[in-house]
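First the structure, in the form of C-alpha cells, and then the observations on it.
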Amino acid sequence: MAVTNVLRNYVDGAFVETPRRFDKASPVDGSRVAVVCEADRALVDQAVEAARRALQGPWRRLPMAERAALLHKIADGIERRFEEFVAAEVADTGKPLALARSLDIPRGAANFRVFADLIKNVPTESFLTDTADGAGALNYAVRHPLGVIGIIVPWNLPLLLLTWKLAPALAAGNAVLVKPSEETPSSASLLAEVIHAAGLPAGVFNLVHGFGPDSTGEFLTSHPRIDAITFTGETSTGSAIMRAAAPHVKAVSFELGGKNAAIVFADADFDSTVEGVARAVFANCGQVCLCAERVYVQRPLFDRFVAALASTARSIRIGDPLAEGTQMGPLISRQHRDKVLSYYRLALEEGGTFVAGGGIPALDPRLAQGAYVEPSVITGLPESARCVKEEIFGPVCHIAPFDTAEQAIALANDSRYGLAASVWTRDLRTAHRVAQHLEVGIVWVNTWFLRDLRTPFGGNKLSGIGREGGVHSLAFYSELTNICVKL
Ligand code: NAD
Ligand code: 6OD
C-alpha cells in the first residue's frame with residue numbers, strides 16, 4: 001500500500017508536525033497526494049519569534065557575500081533535486097511534465113541566483129549638497145532589512161512565485177514566514193529541506209502550511225510582529241489582506257488578478273502570432289495571471305484568426321500530465337473547474353458563441369474525477385459582458401474585432417484590471433505607440449511571458465500595488481537610512 005506523504009511545517013530550523021491536518025487532492029484523478037500539517041496560531045507565533053531572534057543573530061552579521069553564497073547554495077540544491085521538484089509540482093497542480101521542467105523549476109533556481117548576484121552589485125544613492133559655508137555635505141543611503149516578512153502565494157506557479165518573493169527578501173537580509181497555497185504545499189516543503197541542508201541560520205526561513213481566512217494566512221496578515229506582507233493572488237484576497245494589515249500599518253506588495261488583452265494587427269506575422277496568442281491563452285491551462293482572456297483582432301484578419309485559434313484549441317492534447325505528449329492537464333481543483341464551467345454557461349447566457357470547446361473533454365475514465373475542461377474560444381459577446389470583464393482563470397478567451405489602433409487601445413484599457421497586454425504587429429511604430437498607451441504594468445510585443453528578472457513586474461489598477469523584479473524587489477524588502485554628513 002502506498003505511504004501517504006506527510007508534509008510538515010518548518011519553524012526555527014526544525015520540521016514540525018501538528019495534530020490538525022488536511023488532505024491535498026490530485027486534480028488529475030482525485031486521489032490523495034499528501035496529508036498536510038496545518039500551522040495553528042501558536043506555531044505561527046513561535047515562527048514569528050524565531051524570525052525576530054534570527055534578525056538579531058548571526059544572520060544580521062553575515063557578510064553580504066556570504067548571504068549571496070547561501071542563496072546560490074539553495075539554487076544548487078533545487079537543481080540537484082530537480083526531478084523531485086518537478087514531480088512535486090506536477091502532483092499538486094497537474095501541469096504537464098514539460099512545463100514544470102522548462103518553466104517552474106528552472107525559475108525557482110534562477111530567482112535565487114539573480115537576487116544573489118544583484119544584492120552584491122546594486123548601489124545606493126549618494127548626493128553632494130551645497131551648504132552656505134561652501135564646505136558642503138555628503139548624503140548617502142544605507143540599506144537595512146525591512147524586518148520579518150510574511151510571504152503568501154497562490155497555486156498556479158507555486159515554486160516560481162514563492163521564490164520570486166523569498167529570494168529578494170533573503171538577499172536583503174530579512175527573516176520570513178512563507179505560506180504556500182493549501183492547494184500546492186509539496187514544492188514548498190521540498191524547498192524547506194533544501195534550505196535546511198544549505199545551512200541558513202535557524203529562524204530565517206519558516207514555512208507554515210494552512211488556509212487563508214481564520215487560518216494560517218490570516219494569522220500572518222494580522223500579526224502585530226510581522227512587518228510586511230508580500231502577496232500574490234486574487235484581488236479580493238488582496239483587499240482582505242489590506243484590511244487585516246491596516247491596524248499595524250504593515251507594508252504591502254501585491255501581485256493580483258488580471259483580464260489581459262492581446263491586440264493583433266492585420267499586418268502581424270500570421271503563424272507566429274496564432275502560436276503566440278494560443279500560448280498566451282492556454283498556457284498552464286489558462287492559469288497564469290498574465291494569460292490573455294481578451295483577444296482583439298483587426299477586422300481584415302478577424303475571421304481567419306478566429307478559425308486558426310479555434311483549430312489550435314481543438315488540437316491541444318489534454319490528459320494525464322505524466323503521459324508523453326500531454327499539452328494540457330487539469331485545472332487546479334474540481335472547485336475551480338466549477339467556477340470556470342459556470343463562466344462557460346454564463347458566456348452562452350450573455351449571447352456568446354463557442355467556436356471551440358465550452359465543456360468537459362471526453363477522457364480516459366481513469367481521469368473521471370479530475371478537474372478537466374476544454375480549451376475554449378468565444379466570440380460575439382458585448383464588451384459589457386461579465387465574461388469579458390471578470391477574470392476567469394481558465395483556458396478560455398473571447399475574441400472581438402477592432403478597426404483602428406485608437407479603438408484597440410480604448411478596448412484594452414476598458415478594464416478594472418491593468419496587469420499585462422501583448423501587441424502583435426510587424427509595424428514597430430504602431431507597436432511602440434500602442435504599448436505606451438496601455439494602462440498596464442507589462443506589455444509584450446510579438447511575444448508573451450518573456451521574462452528578464454531585472455525588469456519591473458506588477459500591475460496597475462486592481463492588478464496590484466508596487467513593482468517587484470530587480471532593484472524594485474530590493475526596494476520593497478529594504479529600509480533605507482539616509483545619512484547626511486556635514487563636511
Ligand atoms: P487566492 O487569493 O485565493 O489565494 C492566494 C493565497 O492567499 C493562498 O495561499 C491562500 O491560502 C491565501 N489566502 C486566501 N485568503 C486569505 C486571507 N483572507 N488572508 C490571508 N491569506 C489568504 O488566489 P489563488 O486562487 O490561489 O490564485 C489565483 C489568483 O492569483 C488569480 O486571481 C491570479 O490572477 C492571481 N495571480 C496573480 C499574479 C500576479 O503576478 N499578478 C500571479 C499569480 C496569480
Ligand atoms: O515571472 C514572474 O516573475 C511572475 N511573477 C509571474 C507571475 C505569473 C502569474 O501567474
Side-chain angles (χ1 to χ4, degrees), residues 22 36 38-39 44 92-93 103-104 106-108 110-111 114-115 150-165 167-168 177-185 188 208-223 226 229-245 252-260 283-291 293 331-333 335-336 339 390-394 417-420 440-442 448-470 472-473:
F22 61 92
V36 190
E38 185 179 347
V44 168
D92 277 358
T93 62
L103 174 68
D104 298 72
R107 263 297 299 278
N111 287 340
V114 162
F115 288 104
I151 298 178
I152 302 179
V153 280
W155 43 256
N156 58 327
L157 302 169
L159 185 73
L160 186 161
L161 292 172
L162 190 168
T163 53
W164 175 241
K165 291 174 177 298
L177 274 73
V178 170
K179 194 204 88 61
S181 168
E182 56 276 25
E183 291 290 356
T184 49
V208 283
H209 288 294
F211 300 83
D214 301 319
S215 178
T216 323
E218 195 177 315
F219 303 152
L220 256 60
T221 57
S222 58
H223 203 291
I226 289 183
I229 296 289
T230 177
F231 167 75
T232 300
E234 279 191 24
T235 298
S236 58
T237 310
S239 177
I241 289 178
M242 255 181 132
R243 283 194 294 277
V252 293
S253 175
F254 285 170
E255 295 183 350
L256 307 176
K259 187 75 184 178
N260 311 301
N284 205 36
C285 206
Q287 300 166 119
V288 180
C289 58
L290 309 159
C291 275
E293 291 192 2
L331 293 165
I332 188 65
S333 63
Q335 192 189 9
H336 188 50
K339 174 182 160 187
E390 298 174 12
E391 183 186 51
I392 300 173
F393 221 55
Y417 293 105
L419 185 57
V440 294
I442 306 142
W448 176 77
F449 203 1
L450 174 61
R451 295 281 287 115
D452 180 323
L453 307 185
R454 297 167 300 184
T455 59
F457 184 97
N460 298 1
K461 305 183 194 173
L462 290 188
S463 291
I465 297 182
R467 294 291 181 272
E468 297 196 12
H472 305 279
S473 295

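Order of appearance sets the numbers: ligands from 1, and atoms from 1 within every ligand.
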Show the numbers, then the answer: is there a side-chain contact (heavy atoms from CB on, under 4.5 Å) between Trp155 and Glu182?
CA-CA 8 Å; Trp155 43 256; Glu182 56 276 25; over 6 Å; no
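- In terms of heavy atoms, Leu162 sits closest to Ala188 at CD1-CB, 3.6 Å.
- Scanning the protein heavy atoms around atom 28 (C) of ligand 1, the nearest turns out to be Phe393 CE2, 3.6 Å.
- Ranking protein heavy atoms by distance to atom 20 (C) of ligand 1, first place goes to Gly217 C, 3.4 Å.
- Checked against Leu419 for a side-chain contact (heavy atoms from CB on, under 4.5 Å), the options Val440, Asn260, Asn460 give a single hit: Asn260.
- Checked against a 3.5 angstrom limit, the closest N/O atoms of Leu256 and ligand 1 fall inside it.
- The backbone N or O of Ala39 lies less than 3.5 Å from a partner atom in the side chain of Thr216, making a donor-acceptor pair.
- Of the protein's non-hydrogen atoms, the one nearest atom 25 (O) of ligand 1 is Trp155 NE1, 2.9 Å.
- Separation of the Phe231 and Trp164 ring centroids does not fall under the 6.0 Å cut-off.
- No donor-acceptor pair under 3.5 Å is formed between the side chain of Ser463 and the backbone N or O of Gly459.
- Taking a cut-off of under 4.0 Å to the non-hydrogen atoms of Phe231, the atoms of ligand 1 that pass are 2 (O), 5 (C), 6 (C), 7 (O).
- At least one N/O-N/O distance between Glu182 and ligand 1 falls below 3.5 Å.
- A donor-acceptor pair under 3.5 Å links the side-chain atoms of Asn156 to the main chain of Gln287, judged by distance alone.
- Looking from atom 12 (C) of ligand 1 to the surrounding protein, the closest heavy atom is Ile152 CG2, 3.7 Å.
- There is a side-chain donor-acceptor pair under 3.5 Å between Glu38 and Ser215.
- At a heavy-atom cutoff of 4.0 Å, ligand 1 is contacted by no atom of Ala244, backbone or side chain.
- Proximity of Leu220 to ligand 1, defined as any heavy-atom pair under 4.0 Å, is not found for any part of the residue.
- Taking all heavy atoms of Gly459, Ser215, Cys289 into account, the minimum distance to atom 39 (C) of ligand 1 is reached by Cys289.
- When the ring pair (Phe, Tyr, Trp, His ring centres under 6.0 Å) test is applied to Phe449, no partner is found at least two apart in sequence or on another chain.
- Residue contacts with ligand 2 include Arg107, since one of its heavy atoms falls under 4.0 Å from the ligand.
- Residue-level proximity to ligand 1 for Val153 is carried by the backbone, the only part with a heavy atom below 4.0 angstrom.
- Ser181 contributes no side-chain N or O that, together with a main-chain N or O of Pro154, makes up a donor-acceptor pair within less than 3.5 Å.
- For ligand 1, the atoms lying closer than 4.0 Å to a non-hydrogen atom of Glu218 are 19 (N), 20 (C).
- Judged by distance alone, with hydrogens and angles left aside, the side-chain atoms of Asn284 form no donor-acceptor pair with the main-chain N or O of Gly286 at under 3.5 Å.
- Below 3.5 Å of separation, one finds an N or O of Lys179 facing an N or O of ligand 1.
- Residue-level proximity to ligand 2 for Leu453 is absent, since no heavy atom of it falls below 4.0 angstrom.
- Scanning the protein heavy atoms around atom 4 (C) of ligand 2, the nearest turns out to be Phe457 CZ, 3.5 Å.
- Among all protein heavy atoms, the one lying closest to atom 22 (C) of ligand 1 is Gly212 CA, 3.4 Å.
- When hydrogens are left out, the protein atom nearest atom 8 (C) of ligand 2 is Cys289 SG, 3.1 Å; that is the closest non-hydrogen contact.
- Of all the atoms in ligand 1, the ones that sit under 4.0 Å from a non-hydrogen atom of Pro180 are 9 (O).
- In this pair, Phe211 and Phe22 present their aromatic rings tilted. The plane angle is within the 30 to 60° band.
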Thr221 and Arg243: side-chain contact (heavy atoms from CB on, under 4.5 Å), yes or no, with the steps?
CA-CA 9 Å; Thr221 57; Arg243 283 194 294 277; over 6 Å; no
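- Taking a cut-off of under 4.0 Å to the non-hydrogen atoms of Phe457, the atoms of ligand 1 that pass are 40 (O).
- Without hydrogens or angle criteria, His336 side chain to Phe393 main chain gives a donor-acceptor distance under 3.5 Å.
- Near Phe449, the atoms of ligand 2 lying under 4.0 angstrom from a non-hydrogen atom of the residue are 1 (O).
- With a 4.0 Å heavy-atom cut-off, ligand 2 is reached by the side chain of Asn156 but not by its N, CA, C or O.
- Lys165 has a carboxylate O that lies under 4.0 Å from a charged side-chain N of Glu468, or vice versa, which qualifies the two as a salt bridge.
- Donor-acceptor pairing under 3.5 Å is recorded for the side chains of Asn111 and Thr163.
- Separation of atoms CG (Leu450) and CD1 (Ile442) is listed at 12.0 Å; rounding is to 0.5 Å.
- Backbone and side-chain nitrogen or oxygen atoms of Glu255 are examined, and one is located within less than 3.5 angstrom of a nitrogen or oxygen of ligand 1.
- Every atom of ligand 2 with a heavy atom of Val288 under 4.0 Å away is listed here by number and element: 8 (C), 9 (C), 10 (O).
- Which parts of ligand 1 touch Asn156 is read off a 4.0 Å heavy-atom cut-off, strictly below it: atoms 43 (C), 44 (C).
- Of all protein heavy atoms, the one lying nearest to atom 27 (O) of ligand 1 is Pro154 CB, 3.2 Å.
- Glu255 places no side-chain N or O within donor-acceptor distance of the main-chain N or O of Gly233, the cut-off being under 3.5 Å.
- Remark: atom 4 (O) of ligand 1 lies closer than 4.0 Å to no protein heavy atom.
- Every atom of ligand 2 with a heavy atom of Glu255 under 4.0 Å away is listed here by number and element: 5 (N).
- For ligand 2 and Leu161, the ligand atoms under 4.0 Å from any heavy atom of the residue are 4 (C), 5 (N), 6 (C), 7 (C).
- Shown in contact with Leu419 at under 4.0 Å from a heavy atom are these atoms of ligand 1, numbered in order with element: 41 (N).
- Contact annotation for Thr235 and ligand 1: no heavy atom of the residue comes within less than 4.0 Å of the ligand.
- The protein non-hydrogen atom at the shortest distance from atom 32 (O) of ligand 1 is Glu391 OE1, 2.6 Å.
- Thr237 CG2, 3.3 Å is the protein heavy atom nearest to atom 15 (N) of ligand 1.
- Considering backbone and side-chain atoms together, Glu234 places an N or O closer than 3.5 Å to an N or O of ligand 1.
- Of all protein heavy atoms, the one lying nearest to atom 1 (O) of ligand 2 is Arg451 NE, 2.7 Å.
- Taking the charged nitrogens against the carboxylate oxygens, Lys259 and Glu293 do have a contact shorter than 4.0 Å, which makes a salt bridge.
- Contacts between Leu157 and ligand 2, counted as non-hydrogen atom pairs separated by less than 4.0 Å, involve the side chain only.
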